[in-house]
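Report on the following structure.
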Amino acid sequence: MKSINTLFVVFFSVLCWAAACSSEQASRTSASAETSRAKLTPDGMAVFRQYCITCHGSDGKLGLNGAKDLTVSPLTKEERINIITNGRKMMTPFKEVLSPEEILAVADYTLSLKK
Ligand code: HEC
């Protein structure tokens, strides 16, 4: 009887160890999937900080060189993508500078400035 109890203890500790191990592995896999997804999706805020704040300011309101206040702009995402890609008046086109994915990300970011 005693030996059966010992067997149970050993069996359960192996089971717990295996469960802990596999869940740890699962969380590690999902974390690495997240980092690779972050690499695929450009950071719109980083793009904005690097290329746009010279005229639009860090909050989108600066309006230098006749730039529009992005926080009140009524434009849709498609119209923003078009302006960022091809430029307009004093705004330089970004199609040679940014990838389409970066333009999409920064267009999304300008929409997020709207409160
Ligand atoms: C050289 C200065 C300059 C830079 C740099 C610049 N812009 Fe502009 N932007 C302007 C000007 C000027 C306008 C207004 C154009 C017009 O009068 O039609 C404008 C307009 C816009 C509009 C349209 C707003 C509206 O309501 O009409 C968006 C969206 C925009 N910019 C996004 C960006 C983004 C995103 C970047 C960075 C990738 C950027 N801009 C960089 C000057 C700039």
Side-chain angles (χ1 to χ4, degrees):
M1 198 61 191
K2 204 167 192 179
S3 66
I4 289 181
N5 266 346
T6 319
L7 207 67
F8 257 114
V9 169
V10 170
F11 178 73
F12 270 109
S13 54
V14 167
L15 201 72
C16 289
W17 176 80
C21 185
S22 66
S23 77
E24 196 184 295
Q25 198 152 17
S27 69
R28 219 182 304 138
T29 344
S30 76
S32 78
E34 236 156 73
T35 35
S36 61
R37 209 178 311 130
K39 248 180 255 155
L40 288 174
T41 317
D43 182 353
M45 186 198 273
V47 174
F48 192 83
R49 296 243 151 113
Q50 189 170 355
Y51 297 101
C52 320
I53 57 173
T54 38
C55 297
H56 291 286
S58 58
D59 55 1
K61 294 184 184 186
L62 185 62
L64 224 64
N65 292 314
K68 296 265 169 72
D69 182 343
L70 297 178
T71 63
V72 299
S73 171
L75 297 183
T76 64
K77 187 155 131 184
E78 286 67 35
E79 291 169 317
R80 285 162 198 252
I81 289 171
N82 187 33
I83 289 174
I84 298 163
T85 306
N86 301 310
R88 210 167 75 189
K89 295 184 188 170
M90 288 293 291
M91 182 165 157
T92 46
F94 282 90
K95 61 171 173 279
E96 312 288 346
V97 184
L98 300 173
S99 68
E101 292 78 23
E102 287 172 320
I103 290 174
L104 182 77
V106 79
D108 265 335
Y109 179 70
T110 64
L111 276 167
S112 79
L113 294 171
K114 259 174 95 163
K115 284 286 131 67

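Numbering of ligands and ligand atoms starts at 1, following listing order.
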* On the 0 to 90° scale, with breaks at 30° and 60°, tag the Phe94-Tyr51 ring pair as parallel, tilted or perpendicular. => perpendicular
When you measure from the side chain of [X] to the backbone of [Y], do you find a donor-acceptor pair of N or O atoms at a distance under 3.5 Å?
| X | Y | result |
| --- | --- | --- |
| Asn65 | Ala67 | no |
| Arg80 | Asp108 | no |
| Ser112 | Tyr109 | yes |
| Lys114 | Ser73 | yes |

* Scan Leu113, Asp59, Thr110 and name whichever one has a side-chain contact (heavy atoms from CB on, under 4.5 Å) with Thr71. => Leu113
Considering heavy atoms of the protein only, find what lies nearest to [atom] and give residue, atom and distance to 0.1 Å.
| atom | result |
| --- | --- |
| atom 26 (O) of ligand 1 | Ser73 OG, 2.6 Å |
| atom 5 (C) of ligand 1 | Tyr51 O, 3.4 Å |
| atom 17 (O) of ligand 1 | Lys89 CD, 3.5 Å |

* Asked: What protein N/O/S atoms are found closer than 2.8 Å to atom 8 (Fe) of ligand 1?
  -> His56 NE2, Met91 SD
* For Lys95, all residues meeting salt bridge (charged side-chain N to carboxylate O under 4.0 Å, His left out), sequence neighbours excluded -> none
* With atoms numbered from 1 as shown, which atoms in ligand 1 lie under 4.0 angstrom from a non-hydrogen atom of Asn65? -> 12 (C)
* Structure fact -> A student checking ligand 1 against Met90 at a 4.0 Å heavy-atom cut-off should list atoms 1 (C), 12 (C)
* Asked: At a 4.0 Å cut-off, with the gap strictly under it, does some heavy atom of Thr110 reach an atom of ligand 1?
  -> yes
* Asked: More than 12 foreign heavy atoms under 6.0 Å from NZ of Lys61: is that the case here?
  -> no
* Asked: Which residue from Leu75, Leu98, Asn82, Thr54 reaches closest to atom 25 (C) of ligand 1 through any of its heavy atoms?
  -> Leu75
* Asked: From Glu78 CD over to Leu104 CG, what is the distance, rounded to the nearest 0.5 angstrom?
  -> 9.0 Å
